[in-house]
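Below is one structure, written out as structure tokens; comments come after it.
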Amino acid sequence: MSDTHIKSQQIYERAKKVIPGGVSSANRLTDPNLVFTRAQGAYIYDADGKQYIDYHAAFGPPILGHSHPEVNQRVVEAINRSDLVGIGANELEIQLAEKIVQHVPSAEKVMFCNSGSEATFAALRLARAATGRSKIIKFQGCYHGGHDAVLMNVISPPEKVGHKDLLSAGMTPEVVDNTIVLPFNDTEAVAQTMREQGDQIAAIILEPIPHNIGCVMPTQEFLQGLRDLTQKHGTVLIFDEVITGFRHGLGGYQKISGVTPDLTAMGKAIANGFPMAALAGREDLMHHTRPGGDVFFAGTFNGHPVGVAAALATIEILERPESYQCLFGMGERMRRGLQQITGRLEVESTVAGFGSVFLIYFMVGPINTYSDLLRNDVSKFITYRKRLIERGIYELPVNLKRNHISLSHTAADIDRTLETAEEVLKTLS
Ligand SMILES: Cc1ncc(COP(=O)(O)O)c(C=O)c1O
């Protein structure tokens, strides 16, 4: 760490004494390991007072921008009225469930929880209970949280592609064995697996756009193929819209693609950075989770007024007609600008993204599946981002990570980013 990060360094050293590795979540330790002490709108500020335009966005939640005054105000009003009581229903959570049912095509009923991992865990258990089957299919490159059934094969090294690539020690072998990992966008691989084992497969789970490896767009044929195959074999189709939900539209990517899953996991941008997640889906499936039903679903903090109030405020702002127009417009401005610059400088690259998400891969396309991304120049990818950070633009310096634009980013922020990107790209040989 350089001389300009003295306070970050001091705080981090103190953190390491009481927190393993000094951070509370695996992906928060990066080089340079900065500590941020303020976040406002499109900007974050490190402990030494330096401002950065933030595109990391805490892995995606603050879609309106950090510390949004309207959201914060609604949270304060809610907790001044009542904090968590933990019995019966609460008016605000009903309103939020109504909003989700109104907007998300697959949502006939909704259950609230606190993290994306809880939502995908509940979705898979529910699928297993409803089908009486044990196996599931996930795709190489998709991340669905930290539980045993899915914590594998995300950003895998080449030698692990096509094999189980477990991301933690201590995972239960029986659970791991029941997960089949297939290549994304490969309808035939799924069709063959379903022909051979369809009667044992409880669920297919996917990020409709695998944003945990940047932005790999699904083909319409693939999404529709999954819908058709799951219907044919009585398998539950789960869209993990923890990133795509609310970031790309109030109805998630399912609304955009016109392919409606049976269950949907949501989180991240739903509450602009406050803890909130949800599982929604078909009424007959969701019915299993009612009190007294055969699928256990509970949590002390489920439907906490803080997250619920934040989500309601966030959704109401996103419902304004200009919101997604603005987010998508800024995304377009960024991607178009980066394409022009990389073209002009003849950088071997692909500018990818959708809506408010963007990134540069240092490789030429086509990019249809994870294996294609093994051609990405990792060293360039990370060096580029570290040099942006030195110049006050924060893109997470970790391979394949996506960037997010919020409603607080202005055209001037995008243009400054583009100027800086050009300056940095010229330094990369
Ligand atoms: C697509 C997807 N699903 C699930 C999760 C897990 O969510 P959480 O970290 O809130 O448990 C994540 C987190 O990054 C995610 O990107």
Side-chain angles (χ1 to χ4, degrees), residues 23-30 55-63 104 106 111-127 136-155 167-168 179 181 184 203-218 223 237-249 252-254 257 261 263-281 297 299 301-302 304 306-307 310-311 314 353-357 359 370 396 398-404:
V23 291
S24 294
S25 186
N27 277 328
R28 291 186 191 169
L29 190 64
T30 60
Y55 294 107
H56 168 50
F59 292 97
I63 188 165
V104 180
S106 64
M111 299 286 284
F112 295 114
C113 49
N114 299 285
S115 70
S117 300
E118 288 171 62
T120 57
F121 176 85
L124 290 170
R125 176 182 280 169
L126 175 49
I136 64 155
I137 293 175
K138 86 172 276 286
F139 296 95
Q140 175 70 55
C142 291
Y143 176 70
H144 303 292
H147 48 99
D148 289 6
V150 287
L151 187 60
M152 62 189 84
N153 297 82
V154 186
I155 300 181
L167 298 182
S168 178
T179 300
V181 182
F184 192 83
I204 297 182
I205 185 168
L206 69 150
E207 293 179 69
I209 303 175
H211 277 313
N212 275 286
I213 47 172
C215 184
V216 175
M217 291 307 291
L223 293 183
L237 181 61
I238 304 169
F239 274 15
D240 177 350
E241 298 235 36
V242 166
I243 297 176
T244 51
F246 302 95
R247 179 156 287 281
H248 296 331
Y253 196 71
Q254 57 195 263
S257 67
L263 294 174
T264 303
M266 289 167 270
K268 292 201 194 270
I270 190 174
N272 202 50
F274 285 89
M276 166 54 66
L279 172 66
F297 186 96
F301 296 114
N302 288 1
H304 194 291
V306 164
T314 304
F354 183 84
S356 53
V357 168
L359 81 160
Y370 178 75
L396 193 71
V398 174
N399 191 31
L400 303 184
K401 288 297 162 201
R402 68 201 173 272
N403 299 301
H404 315 81

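Order of listing sets the numbers, starting from 1, for every ligand and every atom in it. Every heavy atom of this structure was used, including side-chain atoms; hydrogens, water molecules and symmetry mates were not. What you see is a predicted model; the values in this text were computed from it and never measured.
- Lys138 pairs with exactly one of Ile204, Val181, Leu206 by the side chain to side chain contact (heavy atoms under 4.5 Å, CB included) rule, that one being Val181.
- Taking Phe59 as the reference, His56 meet the ring pair (Phe, Tyr, Trp, His ring centres under 6.0 Å) condition, with sequence neighbours excluded.
- Listed by chain and number, the residues in a side chain to side chain contact (heavy atoms under 4.5 Å, CB included) with Ser24 are Ile19, Arg28 (sequence neighbours excluded).
- Taking Tyr55 as the reference, Phe358, His409 meet the ring pair (Phe, Tyr, Trp, His ring centres under 6.0 Å) condition, with sequence neighbours excluded.
- Using a heavy-atom distance under 4.0 Å as the criterion, the protein contacts of ligand 1 are Ser115, Gly116, Ser117, Tyr143, His144, Gly145, Glu207, Asn212, Asp240, Val242, Ile243, Lys268.
- Within the 4.5 Å cutoff, the side chain of Cys113 has no heavy atoms near those of the Phe121 side chain.
- Residue His211 forms a side chain to side chain donor-acceptor pair (under 3.5 Å) with just one option from His404, His248, Arg402, and that option is His248.
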